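From a predicted model like this one, the values you see are computed outputs, not experimental measurements. A note on names: the letters A, B, ... follow the listed sequences, proteins ahead of strands, and every chain is numbered from 1.
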Protein chains: 2
Amino acid sequence: MPENRVPITMKDIAREFGVSVATVSRALKGSPRISEKRRNEIVAYAKAHDFSPNIMAESLRNNKTMKIIGVIIPQFTHYYFSSILSGIEDEALKYGYRLLVAQSDERYEREVETCNSFYENKVCGIIVSQSKNTSRYDHFISLMNKGLPLVFYDRICTGVDASRVVVDDYMGAYSAVEYMIGTGCRNIAFYGSSMTLEISKNRYNGWHDALLKHGINPNDCIRKICDNREDAERITPEVLNADNRPDAFFAINDDTAIGIMYTAKRMGLRVPEDISVCGFTNGQRAVACDPMLTTVEQNGYKVGREAADILIAKVEGRMPVDKVEKRVIRTRLIVRGTTK
Amino acid sequence: MPENRVPITMKDIAREFGVSVATVSRALKGSPRISEKRRNEIVAYAKAHDFSPNIMAESLRNNKTMKIIGVIIPQFTHYYFSSILSGIEDEALKYGYRLLVAQSDERYEREVETCNSFYENKVCGIIVSQSKNTSRYDHFISLMNKGLPLVFYDRICTGVDASRVVVDDYMGAYSAVEYMIGTGCRNIAFYGSSMTLEISKNRYNGWHDALLKHGINPNDCIRKICDNREDAERITPEVLNADNRPDAFFAINDDTAIGIMYTAKRMGLRVPEDISVCGFTNGQRAVACDPMLTTVEQNGYKVGREAADILIAKVEGRMPVDKVEKRVIRTRLIVRGTTK
């Protein structure tokens with residue numbers, strides 16, 4: 001091929017056939033999801049235009065010398081995310097991959113920039129948990145259209161049908177609430193994030209269904225949008241002074257649970273004799289507080305390993321790039337001093 | 001140059017002159033640390049052997065397309081380290097650099113492997129805090145000899161004369177102990193790590209000198225090798241039952257301080273009325289415990305920014321690669337509920 005001839009790209013082929021780049025990618029890899037006729041047409045066209053496997057490999061960014069996975073984390077200092085990162089790295093190292101790591105710092109713009117930069121840096125795939133204020137998903141869809149494998153963890157994009165690893169938020173919440181009912185609690189308040197987040201919805205449903213199952217009307221219990229300690233310390237005094245005072249709280253994370261627990265203590269209530277409290281995370285704070293917190297263990301390390309396992313299987317061709325692989329990691333209730 | 005001719009490397013030149021690769025690098029960059037005569041000889045030899053600036057640039061790994069900094073962290077889930085990573089990233093992004101990140105998991109072998117892998121991945125420099133059991137430094141020295149900029153943070157290598165960013169451990173400890181003396185404490189125990197770690201030595205000296213300054217003999221106070229909560233909860237009951245019971249504790253980190261504080265509470269002692277406790281870190285645990293911990297704030301974010309600032313200045317030629325730049329970040333005492 002003369003040096004000044006620009007090689008044909010998958011995008012060119014896609015334009016020629018009026019299909020997506022992902023379809024071209026699938027056709028060139030012989031995916032059965034594309035009809036045989038169409039596959040043969042695309043492959044023939046690619047050959048006729050000197051679209052070589054090497055260039056294809058590069059288009060797919062599966063360059064063997066770049067065994068680098070891009071990882072986007074909402075916040076480095078968040079214990080759960082850093083335990084996930086630890087799991088991703090251990091799994092990646094097994095296969096000789098290294099990690100390009102960035103935090104979105106919960107900002108949509110930074111997340112978009114990172115996606116672009118990772119692509120330019122020729123990562124072989126991206127593992128990501130979206131920032132809290134991401135509500136547009138073009139940056140993810142664009143990478144997937146270019147044939148780059150993407151795996152979501154923890155906060156999944158409802159707007160994108162992509163591979164994902166999450167914990168069993170529903171069962172985690174369900175068993176925690178059922179446990180507290182088993183200790184005699186009947187009026188269990190729920191503190192959670194906005195229902196736009198999947199994890200919030202699932203934990204709410206777990207709380208809701210456990211109450212129903214045991215003959216308690218969830219509508220009789222207090223529900224609050226509250227997912228941090230500061231807010232919990234601000235709104236809880238009123239909740240505890242109400243006529244219909246809860247005898248237990250289920251909070252969407254440890255930080256919030258700790259805020260509730262200390263507020264109760266400050267008001268002269270005994271934990272867990274008067275008030276039971278259960279969190280969700282099992283981070284370092286859960287054992288630093290007094291009494292130690294009953295909470296749902298999320299097993300971030302395992303989430304990270306599974307996410308990397310899916311991504312590497314796709315990069316190495318052991319799993320089709322376009323397969324939507326969903327894995328759910330089981331949670332575990334850790335009973336400590338804030339419940340009876 | 002014919003294609004099959006192997007280009008001369010800095011190593012070849014170093015061998016020819018019987019000097020180190022670092023010396024060759026300096027000479028080629030016109031560093032005044034090499035005599036003018038020797039510089040001219042080396043440059044002339046390099047020119048005569050077609051050692052081109054491009055190849056030199058590659059030898060130095062300062063490839064413009066690889067604006068990637070390697071970062072080695074002992075443990076991802078350690079709050080202080082993740083706040084440092086956050087600072088490194090923010091500074092790096094200002095200049096368009098990305099981070100290849102790895103944890104040594106406190107293992108020497110993994111640290112060595114990471115150094116090699118980072119070099120192969122053409123990072124432009126490395127920012128590192130050594131693992132707890134690293135006592136040989138060849139892997140660092142070898143990278144520096146290849147002209148790769150290295151910056152140490154937190155745990156510095158006493159065996160390597162390299163650029164570093166540390167916090168003022170001595171003054172941090174000194175002011176914490178002086179503060180407790182000011183509240184009436186006279187018998188202040190010290191819990192620290194092994195004296196092989198610089199940070200341990202410096203915090204010990206701060207404790208020691210603050211006592212001396214105020215007329216207290218440090219030898220009359222208890223000193224223990226203890227740097228985690230589990231050990232603190234195991235050894236503290238005996239310390240608190242001794243005739244010469246301390247009225248205060250200065251611990252090398254928050255985790256240890258929390259172990260001491262809860263042991264005292266369990267034994268029926270009041271914190272801070274009977275026993276004052278001060279930690280060092282100011283991580284998430286410090287505000288999760290009850291009472292909240294008085295501690296020395298390390299400002300990891302600032303440590304990270306300064307480390308990246310030095311590294312990038314070296315990569316971009318604003319600071320000589322071989323300059324040993326040492327920066328000390330000021331600590332700050334945060335007084336909370338565990339001291340009077």
Separation between OG1 of Thr77(B) and CD1 of Ile84(A), rounded to the nearest 0.5 Å:
12.5 Å
Taking side chain as everything from C-beta outward and backbone as N, CA, C, O, which of these in Leu85(B) sits under 4.5 Å from a heavy atom of chain A? Side chain, backbone, both or neither.
both
Other residues, nucleotides and ligands only: do more than 12 of their heavy atoms fall within 6.0 Å of CZ on Arg266(B)?
yes
Within a 6.0 Å radius of atom NZ on Lys340(B), are there more than 12 heavy atoms belonging to other residues, nucleotides or ligands?
yes
Is it the backbone or the side chain of Leu93(B) that comes under 4.5 Å from a heavy atom of chain A, or both, or neither?
side chain
Can you measure from CZ (Arg98(A)) to OG1 (Thr114(B)) and round to the nearest 0.5 angstrom?
4.0 Å
Taking Val287(A), Asp254(A), Asp105(A) one by one, which has the highest count of heavy-atom pairs under 4.5 Å against chain B?
Val287(A)
CD1 on Ile73(A) to CZ on Phe76(B), rounded to 0.5 Å
7.5 Å
Would you say Tyr262(A)'s side chain and Ala288(B)'s backbone share a donor-acceptor pair under 3.5 angstrom?
yes
Mind checking the OG-NE2 spacing from Ser82(B) to His78(A)? Nearest 0.5 Å is all I need.
11.0 Å
By a 4.5 Å heavy-atom criterion (distance strictly below it), what part of Met292(B) contacts chain A: side chain, backbone, both, or neither?
side chain
Highest number of heavy-atom pairs under 4.5 Å with chain B: which of Ser83(A), Gly300(A), Ala102(A)?
Ala102(A)
Surrounding CD of Glu316(B) (heavy atoms of other residues, nucleotides or ligands, distance under 6.0 Å), is the total greater than 12?
yes
I would like to know whether Asp90(B) and Arg110(A) meet salt bridge (charged side-chain N to carboxylate O under 4.0 Å, His left out); could you show each step before the answer?
CA-CA 11 Å; Asp90(B) 280 356; Arg110(A) 192 153 162 173; 2.9 Å; yes
Report the C-alpha separation of Asp290(A) and Lys265(B) in whole Å, then their side-chain angles, then the decisive distance to 0.1 Å, and conclude whether the side chain to side chain contact (heavy atoms under 4.5 Å, CB included) test is met.
CA-CA 10 Å; Asp290(A) 181 27; Lys265(B) 278 176 73 175; 2.7 Å; yes
Quick check on the interface: out of Val71(A), Leu293(A), Leu99(A), who has the most heavy-atom pairs with chain B under 4.5 Å?
Leu99(A)
